[in-house]
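Right, one structure below, let's go through it.
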Amino acid sequence: MADDKNEVGAADRSRISLGEDYEVRDWIASLGVSEQELREAVGAVGNSADAVRAYLKKT
């Protein structure tokens, strides 16, 4: 289900959502990786931002 743009609240920066283009762009910029690298990392360790950061540091 798509995000409800009318619901405004604090962003959940502990999880990486690949379902929304703007979130993918934000995470790519934040982590300094390509979209492919981001998708591979999420596929390898799940959508926890901390786990993805740790995975990316190892590679």
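It should be emphasised that the depicted structure is a prediction, and the values quoted were computed from it without experimental measurement. For reference, positions follow the sequence shown, starting with 1.
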* Working to the nearest 0.5 Å, report the span between CG of D50 and CD1 of I16. =>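 Here the rounded value is 9.0 Å.
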* Asked: In Å and rounded to the nearest 0.5 Å, what is the CH2 to CZ distance from W27 to R53?
  -> 5.0 Å
Closest approach of [X] to [Y] (non-hydrogen atoms, all atoms of both residues):
X   : Y   : value
A49 : R13 : CB-O, 3.5 Å
S17 : E20 : OG-N, 4.2 Å
L56 : A41 : CD2-CB, 3.9 Å

* Residue pair I28 / R25, side-chain heavy-atom distance below 4.5 Å ->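 They are not in contact (no side-chain heavy atoms under 4.5 Å apart), so the answer is no.
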